[in-house]
Amino acid sequence: MEGVLTAKVALAEAAYAIDKPYDYAVPPALCGGAAPGVRVMVPFGRGNRRSEGIILALSRNPAARSLKSLTALLDEAPVLDEAGLRIALWMRDRYFCTLYDAVKAMLPAGLWFSLKDTVKVAGGVDREAAYGAAARSEGARRLLDVLYANGGEADWSAVSLAFGEDDPGPAVRLLAKKNILLSETHALRGVRDKMESVVSLALPAEEALGLLESGKRAAPLRRASVQLLAQAGSLSVKELCYFTGASPATVKGLEKAGVVALSAREVFRRPLRPESGQPGKPIVLSREQEAAFEGISALISRGEPAAALLRGVTGSGKTLVYIRLLERVLARGKTALVLVPEIALTPQLVSIFSSYFPGRIAVLHSSLRVGERYDEWKRIRAGLVDIVVGTRSAVFAPLKNLGLVVLDEEQEYSYKSENNPRYHARDIAKYRCARDNAVLLLGSATPAVETAYFAETGLYRSFLLSSRYNDRPLPRVILADMRRELKEGNGGVISSVLREELEENIRSGRQSILFLNRRGNSRMVACGECGWVPECPRCSVPLTYHSANGRLMCHYCGHSEKDTGRCPDCGGLVKYIGAGTQKVQEELEALFPGVEILRMDTDTVSPSRPHEVLLDRFVKEKIPVLVGTQMVAKGLDFENVTLVGVINADLSLYVDNFRARERTFSLLTQVVGRAGRGDREGRAVLQTFTPDNDVIRFAAAQDYEGFYDSEIALRRIRGFPPFSDLFTLTVSGRDETETLRGCRNLRGMLEKTLGANPGAPELLVLGPAPAPVLKVNNRYRYRLTLMGKNDRKTREWIGWLLRTFRNEKQNRNLSLFADSDSLE
DNA sequence: AGCACGCCGACT
DNA sequence: GTCGGCGTGCTC
């Protein structure tokens, strides 16, 4: 075929407004390796600045116009296949991000490139000529000073640092144009493929041994090595040395003598999960479990896309149903994906799965190192495993021939990404299932109201596991009215009911868990005398104290400063206001002298002392009471725990968010479910100032249906999801009044186009309102909320808004981004 | 977004 | 002349 090989490329440097495939010529030298899904370096824009990109398609075109050429290929093989590229395309359209943003989110961090720019003085240019060229440009002279101080070459980051507030860009370009400077870009990958050297005999065994005999010395290590290799064929150098006691130098010597040959082989950093010894026991399902299993398997056998909800109270054995379904899926030659909210909290789940599917599972979770994660990804891509268990981003695992996706605890918010692209793993899973004719199984004790609604209306099939394992009764739930406690003179955090129950447990050698509901995660700081609170200089939030480094930090922009322990205003001592766990611990220690109280919160948990260690102590040493935050509420089984208490059950209810009720119900239900998984009846004490609140009552009764009925009625009246979809449009800028004005202006644009155009989507517009955190990183944020339908028409219209907004001159200094189903 | 280009005033 | 400041328009 005639013509120029042309690549359509999605670029990292292209902002949302100009994001589209750009055409580049593929130079002959790169034709062999260029393929869709391969990342490349290209020149972009008038200044030909370097940009990373990914090839979307190749075609052979008659050379119509002159195209720029690809500079280099960054991958030897595609990092995304066609299905992967299609997901990225879909994400762009659905989450208002650029295609490359989507690509980046899909790839393991070990595959990301960091671009490093260096600037150096061109060869053959002397100092005098350089300063001559800089002439009267102050920036250029300053740049040369920096470069010469560095031996004529410097990283862009070093140059930026030296320039402080000023932009070194113009100076660099000025001198580059005069051929004084060269600027180069290198793409560095975070993680390399791990290789090991493999050694094998280069000669037939007898000949090799013969060669050794003829040597002058006895060389026992050489002989042993050759003998072992003659038996084993080839071994890694490491193994060979381990078995024979030889050193790498011995091997090198043998290679030099021509006896053995060395080669490199790719290895994975994490060996396949060590088989846990005993394989999983044969599973016997209860009648309900069997019915759910049969129903869902029938969906899988149909080979059509389908979604199902498996609602099962805590302890009803959803996991057993998952395992049987996985067996079924594998038997059909398909693969499966199991998503969990936070894998560190479900170690049991992973080890149970491994015992049933030894050697066939890859695990992707946050505490893996970047390299290990990357290797798991490679293992999946190579088709070496059939099941992937992982957290949110595992939804992109490059499994082929997907048959089933399980989303366990599907109501959890950790499935929604907090940064761009703000995808929800549930949506991606749904999309993949639709494309691969797979079944999406949503599992939960307390499904999201939307999910339950779709199940009710028949969009999802629905299965229920209503009885707990061994038909154990639900824990007895006691509501403690904290108003009355206060009236009766108990100003502490432990109610008299809870105290009595604790007493009984301590006396009988049973264990108890106390749980603190709360708003934030970490410890705040305030002056004990004047009430001063340290604030982030860039964001409108208080700084929080981190005991790990003794610094005050901002969660939004990462600003950190040293904690002096003193108030800068009045010089008073500052107080550390914890999540409250410490206070509870102290009060308990006063109530029960000599009884050990274990505390688990952000302060007592650290990378060196992960919560597993604490929990292990709790179980093994039978520590009577554990006090903790959210992290004690999730998916843990403790045989000996018969009492749980929630210190402030209603706290999360009074948050400005329509999901607050759902969130509180789910949390309390989970906590109550923690009690009494052993052979004794459990009790749960919910302390509240509003014992009559319906959410608290439904949670106390473990009545999901009741909660759902009341919540869906509320949502219907207010038009909240599932009766509408929400979008937020956030305008941000450095100047507060300008930002607010821009947001009003945006509302004006919206109303004009919505009213005038009969084809426009139907949307209700709310706002402008300040974002929950008004200022982040010195940018103010105001936003509009749109209620309507998340369909193609609406999304295209929002896309148009995003592209158009900045074209107006008055919005120059502002930026706008959109999010669907924002959780804030 | 990020950058060049073009036009202007200021400085040498 | 030549630099720097700002407004405008394009990116294969």
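For A/R659, the salt bridge (charged side-chain N to carboxylate O under 4.0 Å, His left out) criterion is met by A/E450, A/D821, not counting sequence neighbours. The ring-ring contact (aromatic ring centres under 6.0 Å, His included) test applied to A/F727 returns no partner, not counting sequence neighbours. The ring-ring contact (aromatic ring centres under 6.0 Å, His included) test applied to A/F817 returns no partner, not counting sequence neighbours. In this view, A/F720 and A/F658 satisfy the ring-ring contact (aromatic ring centres under 6.0 Å, His included) rule, not counting sequence neighbours.
Residue whose closest nucleotide on DNA chain B sits further toward the 5' end, between A/A15 and A/G47: A/A15. Judged by closest nucleotide on DNA chain B, A/F44 is the one of A/F44 and A/N48 placed further toward the 5' end.
Applying the side chain to side chain donor-acceptor pair (under 3.5 Å) definition to pairs two or more places apart or across chains, those involving residues 107-123 of chain A are A/D117-A/T185. Sorted by first and then second residue, the side chain to side chain donor-acceptor pair (under 3.5 Å) pairs with a member in residues 144-155 of chain A read A/Y131-A/D145; sequence neighbours excluded.
What separates CG of A/L56 from C1' of C/dC12 is a distance of 13 Å, to the nearest Å. With rounding to whole Å, A/L70 atom CG is found 11 Å from C/dC12 atom C1'. As rounded to whole Å, 17 Å separates atom C1' of B/dG2 from atom CD of A/E52. Put simply, CG on A/L99 is 17 Å from C1' on C/dT11, counting in whole angstrom units. A straight line from CG of A/L67 to C1' of C/dT11 spans 13 Å, rounded to a whole angstrom. Distance A/E13 CD to C/dC12 P: 12 Å, rounded to the nearest Å.
Taking the side chain as every heavy atom from C-beta outward, A/D19 and A/D101 never approach each other to under 4.5 Å.
For DNA chain B, none of the residues of residues 19-43 of chain A falls under the heavy-atom distance limit of 4.0 Å.
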Polar pairs (N or O, both sides) under 3.5 Å between protein and nucleotides 3-10 of chain C?
none

For residues 22-35 of chain A, dump all side-chain donor-acceptor pairs below 3.5 Å to protein atoms at least two apart in sequence or in another chain.
unit_1	atom_1	unit_2	atom_2	d
A/Y22	OH	A/I18	O	2.7
A/D23	OD1	A/K8	NZ	2.8
A/D23	OD2	A/R65	NH2	3.2
A/Y24	OH	A/P43	O	2.7

